[in-house]
Amino acid sequence: MKIHIIEIGTFQLPPSRPLKDLIPEIKKIKLSKGLPVAFKLDSIIIDWHSPLPEDVEEIVLKPLFPEDRESLEVLRHTASHILAQAVKELFPEAKLGIGPAIDEGFYYDIYYPKPFNEEDLKLIEKKVKEIIKKNLPLERKVLERSEAERLFSELKEDFKLELLREFEDSQISVYTQGNFVDLCRGPHLLTTGQVRAVKLLSVAGAYWRGNEKNPMLNRIYGTAFFKEEDLKAYLELLEEVKKRDHRRLGKELELFLIEEDIGAGLVIWLPKGALVRKIIEDFWKEEHLKRDYHLVYTPHIALRDLWKTSGHLDFYSDNMYPPMELENRAYQLKPMNCPFHIYIYNQKRRSYRDLPLRLCELGTVYRFERSGVLHGLLRVRGFTQDDAHIFCREDQLEDELIRVLDLVIYFLKLFGFQEYQIYLSTRPEKFVGPPEIWDKAEKALKSALEHKGLAFEIDPGEGVFYGPKIDLKIKDVLGRFWQCSTIQVDFNLPERFDLVYVSEDNRFHRPIMIHRALLGSLERFFGVLIEHYGGAFPFWLAPIQVRVLTITDRNILYGEKIFQELKSAGFRVDKDFRNEKINYKIRSAQMEKIPYMIILGDQEEQRQTLSLRKRSGEVLQDLTLSEVITLLRSENTLSSIH
RNA sequence: GCCGGCGUAGCUCAGGGGUAGAGCAGUGGAUUCGUAAUCCACAGGUCGUGGGUUCGAAACCCACCGCCGGCUCCA
């Protein structure tokens with residue numbers, strides 16, 4: 001067979017031989033990037049061990065080198081095998097689950113009667129490094145199904161057997177290194193020594209195949225790179241992530257509080273955090289009113305029967321707080337706002353002329369979350385959705401969806417999020433409503449996305465039973481994605497609450513409902529914002545925009561005057577007139593991440609000027625107050641948009 | 001909920017069967033200073049909660065609560 005490797009050359013290989021056989025020949029060529037790690041055949045990654053297609057005479061391979069993203073996948077997959085080998089050597093009774101490469105590294109799920117702890121992890125890491133040092137060659141073998149079953153039952157690898165029995169192929173591939181064997185499709189490196197930099201990061205419990213009914217395995221997470229410096233850079237990134245952790249910054253910057261005595265997952269917004277929230281809320285309301293939404297407020301609890309009608313008791317009760325009984329009636333803390341908005345729709349007879357009816361609310365809801373899943377502001381039990389429900393006619397659906405998408409993107413960009421992952425989830429197996437309308441709604445969602453020129457992926461069958469939806473994840477400054485926005489079409493609730501409007505033909509028709517949240521929940525969005533900006537909010541969001549600092553006590557009077565003038569100019573300003581050195585006061589302001597400091601001493605006072613220090617450290621001297629005000633005003637993104 | 005780790009002053013953390021320690025923050029004083037930490041003093045803790053072991057527990061054991069990293073789910 002003729003093998004053409006791009007930019008390397010063309011080689012001849014006898015049939016059913018692996019690429020490995022070509023190594024001596026390839027090594028003779030001067031390769032600027034060294035020997036390839038693996039190859040790409042069309043869109044699949046193959047390694048030096050992989051069997052090549054048999055029915056063709058010629059294939060073209062794209063070589064993958066350490067700098068290619070896909071090579072890392074191969075490396076990490078091998079690293080996970082090394083991890084498994086290390087564990088098996090140290091703990092022979094351990095049983096292996098699965099061990100894939102993941103975005104940031106790899107893991108292996110391993111059963112062992114006694115769960116592993118941090119100390120075991122250190123031991124295992126040591127062993128991993130030994131195996132790497134031995135530079136064991138990897139081999140790929142193909143076994144008959146029965147042979148493979150015999151092998152893994154001899155090895156007492158129950159989980160592997162379970163996997164094996166579900167495979168359809170009669171031939172099973174395994175990879176070996178030293179005396180370690182693992183059921184595996186590949187691809188892998190040539191030798192364990194190619195894994196130059198590896199680190200085990202954590203152990204955690206993980207159910208076999210993610211199912212709570214299955215036994216719990218130990219998941220060992222690690223990461224690996226071709227170069228030590230890449231590992232170092234990654235560990236530094238982890239440090240950076242830690243520094244930006246909204247829970248830490250929330251404490252340091254006094255933004256919010258989650259307090260054991262108050263309750264897990266319940267958020268207290270401290271004055272500074274509350275101020276940021278107020279800015280977001282004011283802006284949100286204004287923008288919605290501009291776009292012909294009606295602002296509404298609804299109660300936090302309601303009679304439980306409401307949730308029976310809505311169907312939430314049937315499919316959502318696990319997430320709902322238990323009922324409260326009073327005067328023989330059961331009340332329910334609300335997990336969603338929709339039923340209330342439905343009653344607003346139903347408050348009077350609606351005409352086709354009333355549609356679309358857009359109701360919006362910053363509605364606080366309570367959902368019970370299992371204690372183990374709570375996480376700072378990102379996962380809480382009480383939160384405020386920036387919710388809206390749009391009731392429209394079928395012919396208005398696409399237009400409304402476009403308008404919603406417009407608004408989403410407008411908001412997200414303003415908050416500094418430029419990149420998104422968008423998923424369109426389509427009809428699941430269990431669904432309500434006529435399939436034709438589903439098709440129409442899916443089409444409407446799709447063309448709305450296309451109309452906005454937004455790239456998206458389709459998640460087939462992942463829609464909620466009541467309608468198709470668009471989920472939007474935003475990418476933060478560290479490249480992490482967060483789900484915030486969601487747009488869902490609903491055919492179910494209008495049916496359950498028997499919503500109608502009177503059409504031109506004087507007959508009743510059923511409206512379609514759109515649920516949508518742009519920011520998702522204010523709590524989560526705030527958490528994401530804190531991490532995105534590392535606590536250094538842009539000027540328009542900063543709880544304190546400017547701080548006035550005096551050099552000595554002599555300047556307090558002048559400082560007070562400047563402070564008052566900035567305040568009446570509409571800025572969020574505070575002052576630091578403490579009897580401390582200027583360096584000390586600058587340091588405090590800097591650590592509080594205040595965008596601007598105004599520093600004044602005798603010199604400024606005499607000349608009636610100011611010194612302005614930006615958060616970046618840049619200093620502008622000798623400015624007049626009106627120059628400063630002009631400069632600050634130009635910083636205000638919001639006013640420049642309005 | 002489950003698995004592992006953790007819980008000591010407002011914060012960050014040290015200590016560890018003989019009765020509590022640092023830095024920062026706070027308070028008082030000295031200092032009046034030019035763009036990221038001035039000095040001194042003081043004050044501050046039923047060592048997460050409850051129970052047990054012990055002459056003695058913050059340390060060891062058990063239960064619970066909470067937090068952290070995951071599994072699952074989602075805003």
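Please read all numbers here as calculations on a predicted model, not as lab measurements. Throughout, a chain's letter reflects where its sequence line sits, starting with A, and its residues are numbered from 1.
Side-chain atoms of A/Y234 and A/E104 include a donor-acceptor pair closer than 3.5 Å. Checking A/R209 against A/Y207 by side-chain atom types alone, no donor-acceptor pair falls below 3.5 Å. A/E531 and A/H246 share a side-chain donor-acceptor pair at under 3.5 Å. For A/D109 and A/W208, the side-chain atoms include no donor-acceptor pair closer than 3.5 Å. Counted by atom type alone, A/R244 and A/Y533 present zero donor-acceptor pairs between their side chains at under 3.5 Å.
Spacing between atom CG of A/D261 and atom C1' of B/C67 amounts to 13 Å, rounded to whole angstrom units. Per the geometry, CG belonging to A/D318 stands 14 Å off P belonging to B/G1, to the nearest Å. Whole-Å rounding puts the A/K469 NZ to B/C73 P distance at 12 Å. One interatomic measurement links the two molecules: CD1 of A/I487 to P of B/A75, which rounds to 13 Å at whole-angstrom precision. What separates CG of A/D576 from P of B/C33 is a distance of 17 Å, to the nearest Å. Atom CD1 of A/I268 is separated from atom P of B/G66 by 16 Å (rounded to the nearest Å). For the pair A/H246 NE2 and B/C67 C1', the interatomic distance rounds to 13 Å; values are reported in whole Å. Taking atom CD1 on A/I474 and atom C1' on B/A75, their separation rounds to 12 Å, with Å as the unit.
Nearest to the side chain of A/R247, among B/G69, B/C67, B/U72, sits B/G69. Ranking B/U32, B/G1, B/G69 by closeness to the A/S202 side chain, first place goes to B/G69. Of the candidate nucleotides B/G1, B/A75, B/G69, B/G69 has the atom nearest to the side chain of A/H375.
Within the shown strands, nothing qualifies as a pairing partner of B/C47 under the Watson-Crick or G-U definition with both distances less than 3.5 Å. If you check B/A58 for Watson-Crick or wobble pairing at under 3.5 angstrom, you find it has no partner at all. Base pairing analysis places B/C39 opposite B/G29; the two distances defining the Watson-Crick or G-U wobble pair are each below 3.5 Å. Of all nucleotides present, only B/A22 satisfies the Watson-Crick or G-U wobble test against B/U12, with each distance under 3.5 Å. Under the Watson-Crick and G-U wobble criteria, each requiring two contacts below 3.5 Å, nucleotide B/C67 is paired to B/G5.
A salt bridge links A/D471 with A/K469; the closest basic N to acidic carboxylate O contact falls under 4.0 Å. A salt bridge links A/E369 with A/R379: the distance from a Lys NZ or Arg NE/NH1/NH2 to an Asp or Glu carboxylate oxygen falls below 4.0 Å. Looking at A/E361 and A/K334, a side-chain N of the basic residue comes within less than 4.0 Å of a carboxylate O on the acidic one, giving a salt bridge. Of the charged side-chain nitrogens involved, at least one lies within less than 4.0 Å of a carboxylate oxygen, so that A/E252 and A/R248 count as a salt-bridged pair. Salt-bridge formation is not detected for the pair A/E442/A/R427: no Lys NZ or Arg NE/NH1/NH2 atom is positioned less than 4.0 Å from an Asp or Glu carboxylate oxygen.
Listed here is the closest heavy atom pair of A/L96 and A/E157: N-OE1, 2.7 Å. What you find for A/Y558 and A/Q608 is that their closest heavy atoms are OH-C, 3.3 Å. Of all the heavy atoms in A/W284 and A/L518, the pair that sits closest is NE1-CD1, 4.4 Å.
A distance cut-off of 5.5 Å between ring centres, combined with a plane angle under 30°, leaves A/F525 outside any stacking arrangement with the base of B/A75.
Atom C1' of B/G15 sits at a distance of 9 Å from the matching atom of B/U8, rounded to the whole Å. Taking the C1' atom of each, B/C6 and B/A75 are spaced 28 Å apart, rounded to whole Å. On the P atoms, B/G21 is 14 Å away from B/A9, given to the nearest whole Å. Nucleotides B/C13 and B/A20 have their C1' atoms positioned 14 Å apart, rounded to a whole Å. Remark: the separation of the P atoms in B/C65 and B/U53 is 23 Å, to the nearest Å. For the C1' atom pair drawn from B/G23 and B/A37, the interatomic distance equals 12 Å after rounding to whole Å. Rounded to whole Å, the C1' atom of B/A41 lies 44 Å from the corresponding atom of B/G52. For the P atoms, the distance linking B/C67 with B/U27 amounts to 31 Å, nearest Å.
No engagement by A/Y107 is indicated, since no non-hydrogen atom pair under 4.0 Å with the nucleic acid exists. Within the 4.0 angstrom heavy-atom criterion, only backbone atoms of the sugar-phosphate kind lie near A/Q483; the bases stay farther away. Counting any heavy atom pair closer than 4.0 Å across all strands shown, A/R219 reaches sugar-phosphate atoms only and no base atom. Residue contacts for A/G601: at a heavy-atom cut-off of 4.0 Å it reaches a base atom on one of the strands shown. In this structure, A/A517 reaches neither bases nor backbone, as no heavy-atom distance under 4.0 Å exists between it and the strands shown.
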Protein-nucleic acid N or O pairs under 3.5 Å, nucleotides 4-13 of chain B:
from, atom 1, to, atom 2, distance (Å)
B/U12, OP1, A/K251, NZ, 3.3

Between the protein and nucleotides 61-64 of chain B, which nitrogen or oxygen pairs come in under 3.5 angstrom?
none

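The base of B/C74 lies close enough to the side chain of A/R379 for a donor and an acceptor atom to sit less than 3.5 Å apart. The base of B/C74 is not paired with the side chain of A/R370 by any donor and acceptor separated by under 3.5 Å. With hydrogens and angles left out, the side chain of A/Y207 and the base of B/G1 share a donor-acceptor pair within 3.5 Å.
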Between A/S588 and A/Q590, does a side chain to side chain donor-acceptor pair (under 3.5 Å) hold up when you go through it step by step?
CA-CA 5 Å; A/S588 327; A/Q590 201 77 47; over 6 Å; no
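Each of A/R578 and A/R209 was matched to the nucleotide of RNA chain B holding its nearest heavy atom; the match closer to the 5' end belongs to A/R578. Positionally, the nearest nucleotide of RNA chain B for A/G263 lies more toward the 5' end than for the other of A/G263 and A/V380.
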Base, backbone or nothing for each nucleotide of nucleotides 35-47 of chain B, written B, S, -, heavy atoms under 4.0 angstrom, 5' to 3'?
BBBB---------
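For B/A75, neither phosphate oxygen OP1 nor OP2 lies less than 4.0 angstrom from any side-chain nitrogen or oxygen of A/T486. OP1 and OP2 of B/A75 both lie 4.0 Å or more from every side-chain N or O belonging to A/Y316.
For the pair A/R277 and A/F256, the cation does not sit on the ring face, since its NZ or CZ is not both under 6.0 Å from the ring centre and inside 45° of the axis.
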